[in-house]
Amino acid sequence: MLYHLLYPLHVYESLSFLRVFRYITFRSLCVTLTALIISLALGSWIIQKLKEYQIGQYIREEGPTSHYKKAGTPTMGGILILIAVLIPTLLWADLT
């Protein structure tokens, strides 16, 4: 989305630096940094909410006793990964 919004503005002399959006290396760097910022900003909040809603690891009684310490470990951490990948990709990718 940002590519389609900002790149056409490069024709103006004062905004000629926006030509950098044309390069995939620049956009991939921006995707990586945006994903890192999102995961750092939302990571602790998502883990806290998963613990609050008691979405944790269930340990069966017939399993090994060493697994009991894993009880309550938040599951569904993949939600954070999906958010940190999808949002920057939609922002920085050339969707054509």
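Side-chain atoms are counted along with the backbone in the values below, which use heavy atoms only and exclude waters and symmetry mates.
Applying the side-chain hydrogen bond (donor to acceptor under 3.5 Å, both in side chains) definition to pairs two or more places apart or across chains, those involving residues 22-36 are Thr34-Trp92. Applying the side-chain hydrogen bond (donor to acceptor under 3.5 Å, both in side chains) definition to pairs two or more places apart or across chains, none involves residues 10-21. Counting only residues at least two apart or on different chains, no salt bridge (charged side-chain N to carboxylate O under 4.0 Å, His left out) pair has a member in residues 74-87. Sorted by first and then second residue, the ring pair (Phe, Tyr, Trp, His ring centres under 6.0 Å) pairs involving residues 34-53 (not counting sequence neighbours) form an empty list.
Within the model, atoms CD1 of Ile46 and CD of Gln48 stand 11.0 Å from one another, a figure rounded to the nearest 0.5 Å. Note that CG of Leu2 is 11.0 Å distant from CG of Leu18, once rounded to the nearest 0.5 Å.
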Side chains of residues 79-88: which donor-acceptor partners sit under 3.5 Å, not counting sequence neighbours?
none

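Its side chain outside the 4.5 Å cluster rule for every partner, Leu90 clusters with none of the Ile, Leu, Val, Met, Phe, Trp and Tyr residues. As a member of the Ile/Leu/Val/Met/Phe/Trp/Tyr network built from side-chain separations under 4.5 Å, Ile37 groups with nothing else and remains a singleton. Hydrophobic clustering, defined by side-chain heavy atoms of Ile, Leu, Val, Met, Phe, Trp and Tyr closer than 4.5 Å, groups Leu40 together with Leu36. Its side chain outside the 4.5 Å cluster rule for every partner, Leu95 clusters with none of the Ile, Leu, Val, Met, Phe, Trp and Tyr residues.
At a threshold of 4.5 Å between side-chain heavy atoms, the hydrophobic network of Ile, Leu, Val, Met, Phe, Trp and Tyr places Leu33 and Phe21 in two separate groups. The hydrophobic cluster containing Ile38 does not contain Leu29, counting ILVMFWY residues as joined when their side-chain heavy atoms lie under 4.5 angstrom apart, directly or transitively.
When the salt bridge (Lys or Arg N to Asp or Glu O under 4.0 Å) test is applied to Glu52, the partners found at least two apart in sequence or on another chain are Lys49. By the side-chain hydrogen bond (donor to acceptor under 3.5 Å, both in side chains) test, Thr96 is found to be paired with Asp94, residues two or more places apart in sequence or in another chain being considered.
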